[in-house]
Amino acid sequence: MAPTTKPYKETLNLPKTGFDMKANLTVREPQFQDRWRDQDLYGQLRRARAGRARRILHDGPPYANGEIHMGTLLNKVLKDIVVRSMSMAGFDSPYVPGWDCHGLPIEHKVVKDLGPKAASMDHAAIRALCQAEAMKWVDLQRDQFRRLGVLGDWEHPYLTLDPRYEAGILDVLADLVERGFVHRQLKPIHWCITDRTALAEAELEYQEETTPSIYVNFEMVTGVPESWGEGPWHAMIWTTTPWTLPANVGIAAHPDLLYAGVEYTEPATGKSVRTILAADLVTKVMGLRKVEAFREVGRCRGRDLEHAEYRHPFLDRVSPIVLAGYVSVEDGTGLVHTAPGHGSEDYQTGRLYQLSILSPVDESGRFTDQAPDWVQGQQVFAANPGIVAHLKDSGHLYHEMPLVHSYPHCWRCKKPVIFRATEQWFIAVDHDDLRGRTLKAIDGVGWHPEWGQNRIESMVSLRPDWCISRQRSWGVPIPALGCNTCRTQLMTAATVRNFRDLFRAHGADVWYTRPVEELLPPGTSCPNCGGNSFRKEGDILDVWFESGSSHRGVLSKDFELGYPAYLYLEGSDQHRGWFQSSILTAVGANGTAPFEHVLTHGFVVDDKGRKISKSLGNYIPAYQMTNTYGADVLRLYVASMDYANDVPVSERGIKEMSEAYRKIRNTFRYLLGNLEDYGRFDSESVDPSNLHEMDLWALGQLNEVIRDVRAAYERFEFYRVYQRVYQFCAVELSSLYLDVLKDRLYAEAPEGPDRRAAQFVLARLHDVLTRLLAPIIPHTAEESWDYRPAPNGERTSVHLAEFPDPDPRWDDPARASRWEELLTMRERIFLSLEGLRKAKAIGSAQEAKVRIATATPDRWSSDRDLLATLCIVSEVEVIEDPSAAVEAVSAERSPHAKCERCWNYRESVGRLADHPALCERCARVIEGMNPSSAIG
RNA sequence: GGGCGCAUAGCUCAGACGGCUAGAGCGCACCCCUGAUAAGGGUGAGGUCCGAGGUUCGAAUCCUCGUGCGCCCA
């Protein structure tokens with residue numbers, strides 16, 4: 001008997017690798033991140049790509065507040081995949097991340113934590129606390145982004161509070177001032193009359209409040225339809241803020257609403273009154289005073305009343321009726337009292353009709369000398385009853401009643417706030433055709449998806465002038481100087497540039513810490529009056545102006561990335577936000593768009609497509625998910641989604657993605673397991689003529705994968721990368737090629753040409769797939785790369801490599817189409833095997849023999865052995881059957897004995913006396929690897 | 001309320017120009033293997049293509065009107 005002492009299993013070349021099946025990502029990923037940091041992978045990549053064509057993805061700065069959430073994760077991972085894929089495509093793509101550090105949320109938090117103390121602290125002290133708060137979050141978010149594997153210049157990010165960056169902001173501002181875009185103008189803002197301070201929307205708390213609700217007849221002067229007959233006619237308005245009536249300069253009507261001219265008998269006086277109000281509201285309004293004696297005289301559309309004029313009830317002023325889309329018949333009279341100095345919508349309408357912006361109210365909410373003398377000095381809320389009484393006495397008041405409704409209150413003192421017009425700094429969008437030139441620049445940018453262009457165009461076309469001033473502490477001061485002589489404000493390109501240089505040298509804090517005299521160049525004088533005594537004004541810049549200036553501070557100066565950027569990539573909300581503030585400032589200051597392409601992504605929603613919100617309880621903590629499932633799983637998840645639409649995120653979805661991740665990981669593991677001994681060989685030494693038919697097919701398929709994947713990366717369609725690679729792993733590889741290859745890999749002689757040929761393909765598969773996936777799952781790709789068969793054991797990073805190219809040697813369209821037939825036949829064979837299995841005749845496919853009965857045996861005879869191999873059956877027999885219209889496929893249990901070593905059922909088993917349990921092939925292999933056994 | 005966008009199996013995606021019985025992978029069910037083994041293989045069941053009209057010989061695809069959801073405004 002054969003003397004082989006060891007079991008046959010040990011004579012097989014079974015897979016062996018240190019590449020663990022268990023990913024253990026939460027432990028391994030930080031190790032790779034440390035390694036990349038220690039070896040300065042980012043710096044190495046910069047040096048490796050030096051001199052190549054540049055493609056800059058310019059990072060939109062996230063707000064330095066709070067932990068990252070799924071939306072931030074989505075955005076940052078997409079950016080990282082873009083940057084990495086551009087690098088691997090051969091471009092020089094540095095990535096400098098940034099943070100938006102100024103702004104209300106941080107200031108708000110700091111002031112809230114300080115409590116009453118805040119009131120007694122100066123700007124500089126509060127700003128120091130704000131800076132600490134911002135930096136705390138920068139550091140935390142930086143760690144979390146790094147934990148996601150995002151590769152970039154984390155040691156040198158751009159921060160909007162960096163003096164260099166602050167200088168860049170003022171550099172842009174100076175250019176805009178120089179070109180005449182910046183001016184001052186009245187605008188109503190929320191104002192707390194107790195704290196004497198401006199309030200932002202986020203500082204308002206809405207509470208129920210009882211206010212007077214009054215219906216007032218304003219006497220018409222012109223514009224009433226003649227057919228309605230003699231007057232005097234009136235227009236009946238409704239308001240809950242009588243104190244704003246002194247600032248009334250218009251009445252708004254809806255263009256499409258029907259209005260009625262009504263004649264009614266005033267109950268108190270018995271006099272007949274003619275007034276106009278929305279036709280739908282006549283009955284309701286008359287019912288308020290139980291007026292039964294009324295009749296409609298006529299009707300007209302709101303647009304017919306445009307430019308009709310009325311007289312102010314207690315001021316010597318005639319004002320027009322104007323049109324506005326927000327007018328409704330929800331409540332009131334359908335005619336809206338309009339005071340552009342005291343309301344946001346009123347202001348918009350006022351600007352449209354060029355109405356005066358009146359606001360005869362001072363900082364503490366008292367009427368100024370611009371108001372009628374009988375209310376001067378009164379606080380506005382206290383003045384309400386007097387104004388109502390005045391209207392009643394003069395016969396203008398139709399009705400008064402108390403109304404409880406939601407009204408904004410100050411977050412700090414809880415008192416009701418008012419709208420008050422104050423002077424603000426604006427960028428004039430229509431100066432020097434900035435709007436038109438911006439629209440032209442927009443047209444020259446590549447918007448992805450394309451509808452983004454339409455979206456931003458319509459926003460830019462309709463947007464009002466940009467108010468860039470804020471009455472806060474935490475930001476970049478607008479370096480405007482108030483002349484103590486004539487009270488005008490001075491801000492010229494020269495003064496702004498003066499402060500730009502000071503900010504660059506000392507930071508923006510100098511504005512607050514040093515007296516104005518030290519900051520001004522000697523001889524500065526007021527262009528208006530010649531005065532030379534100034535004070536520092538207190539406003540800061542809108543943070544959108546700050547981030548919108550990044551093309552100067554980051555692309556052009558200091559970071560010198562290159563202007564314009566190739567790509568901006570943010571959520572679709574930034575069509576109104578950063579994309580717009582960036583292109584407006586860039587066109588204004590530079591004359592060109594700061595980006596060549598803009599890519600947008602949708603928002604993270606839950607698995608039912610609803611937005612993420614506290615009240616729905618569907619929040620998924622991003623960082624916690626990373627530390628549970630691993631960054632690569634989350635990155636794969638992000639990559640798998642068509643992010644142009646909303647991106648549904650659920651823990652269930654992430655779990656499912658871990659399964660997909662494991663499939664990919666196992667594919668790598670299989671490849672590596674069969675390449676353990678391959679590194680000693682030069683792959684170039686493999687003679688292509690040794691490659692089997694199916695090897696050539698697999699290499700040809702891989703070429704297609706390379707082409708599809710690279711094209712998908714180029715178009716930022718990462719979900720196509722994912723689908724393509726994943727399905728290739730699952731279908732072409734796992735269930736077909738790699739499965740079929742086992743016999744050759746395990747059972748053939750380890751260094752024989754058949755096994756080496758298979759390994760040649762496996763090595764290429766591994767090399768190509770690792771590179772192609774490196775931008776998406778950088779940690780796993782690096783780990784896989786570590787284990788690759790490298791001739792000298794050299795250890796470089798896959799992230800320094802470039803994408804693979806298709807190898808034209810393996811392209812063969814004829815082969816591809818022949819294989820479609822083969823694979824169809826394979827399916828039919830599987831079907832008949834399944835029948836055998838159901839009948840308990842066989843278990844594994846190797847136990848079966850397949851018979852194809854066909855009228856054209858020549859078609860299949862040459863592929864007999866290939867089919868047997870592809871189906872992993874022991875034998876395929878082709879017989880001629882002239883009566884068979886189509887091939888008839890059948891299967892039966894193999895009549896032969898099982899080879900103990902390779903488990904195939906072969907006629908040759910038992911024929912060899914030395915190896916009675918082996919097939920001929922296995923016997924030959926055994927003899928080759930163990931010559932001494934022959935002596936036995 | 002307005003502007004923009006999206007809607008195909010439980011999930012993620014395919015479905016140029018309108019044209020087979022609407023496809024793939026995952027998941028699921030059942031089965032096989034135990035030499036990729038917290039793996040691997042096979043078979044199968046899943047769809048009113050959001051709804052209603054319309055154009056057309058023919059619509060997932062084109063048009064209109066809805067519904068739901070998201071972003072941005074108001």
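Convention: sequence-line order gives letters A, B, ...; per-chain numbering from 1. Only this structure's heavy atoms are used, side chains among them; waters, hydrogens and symmetry mates stay out.
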Is the distance from the ring center of Trp578(A) to that of Tyr568(A) below 6.0 Å? yes

hbond_proxy Ser344(A) side chain to rA74(B) base (donor-acceptor, 3.5 Å cutoff): no

So, is Ser328(A) close to the rG1(B) phosphate, meaning a side-chain N or O under 4.0 Å from OP1 or OP2? no

Under 3.5 Å, side chain of Arg435(A) to main-chain N/O of Ser461(A), donor-acceptor pair present? yes

Expected output is a numbered-order residue list: members of residues 671-678 of chain A with a heavy atom under 4.0 Å from any atom of RNA chain B. What is it? none

Could one point to a donor on the side chain of Arg652(A) or the base of rC11(B) with an acceptor on the other under 3.5 Å away? no

At less than 4.0 Å, is any side-chain N or O atom of Lys9(A) found next to OP1 or OP2 of rG35(B)? Yes or no. yes

Spacing of CD1 belonging to Ile427(A) relative to OG belonging to Ser581(A), to within rounding of 0.5 Å: 9.5 Å

Can you check whether Arg837(A) has a side-chain N or O nearer than 4.0 Å to OP1 or OP2 of rG41(B)? no

From rG3(B), rC13(B), rG70(B), pick the nucleotide closest to the side chain of Arg455(A)? rG3(B)

For Tyr719(A) and rA14(B), is the shortest distance between a side-chain N/O and OP1 or OP2 below 4.0 Å? yes

Using only side-chain N and O atoms of Lys608(A), determine if any of them is under 4.0 Å from OP1 or OP2 of rC11(B). no

Verify whether one side chain among Tyr737(A) and Asp695(A) offers a donor that lies under 3.5 Å from an acceptor in the other. yes

Here's a test of your reading of the structure: between Ser458(A) and Pro15(A), which maps to the more 5' nucleotide of RNA chain B? Ser458(A)

Proximal nucleotide (of rA36(B), rG42(B), rG25(B)) relative to the Ala730(A) side chain: rG25(B)

Please work out whether rG42(B) sits syn or anti, treating a glycosidic angle within 90° of 0 as syn. anti

Taking only the side-chain nitrogens and oxygens of Lys742(A), find out if one of them lies under 4.0 Å from OP1 or OP2 of rG35(B). no

Atom CG of Asn645(A) and atom CZ of Phe603(A): how far apart are they, to the nearest 0.5 Å? 13.5 Å

Can you give me the dot-bracket string for RNA chain B, 5' to 3', counting Watson-Crick and G-U wobble pairs with both distances under 3.5 Å, using [ ] for crossing pairs and | for partners on another strand? (((((((..((((.....[...)))).(((((.......))))).....(((((..]....)))))))))))).

Taking 5.5 Å and 30° as the limits, would you call Tyr726(A) and the base of rG25(B) a stacked pair? no

OH-CZ distance between Tyr787(A) and Phe668(A), expressed to the nearest 0.5 angstrom: 14.0 Å

Taking OP1 and OP2 of rC32(B), is either one under 4.0 Å from a side-chain nitrogen or oxygen of Lys838(A)? no

If you measure from CD1 on Ile926(A) to CZ on Arg901(A), what distance do you get to the nearest 0.5 Å? 5.0 Å

On RNA chain B, does the nearest nucleotide to Met21(A) precede the nearest nucleotide to Gln348(A) from the 5' side, or the other way round? Give the residue. Met21(A)

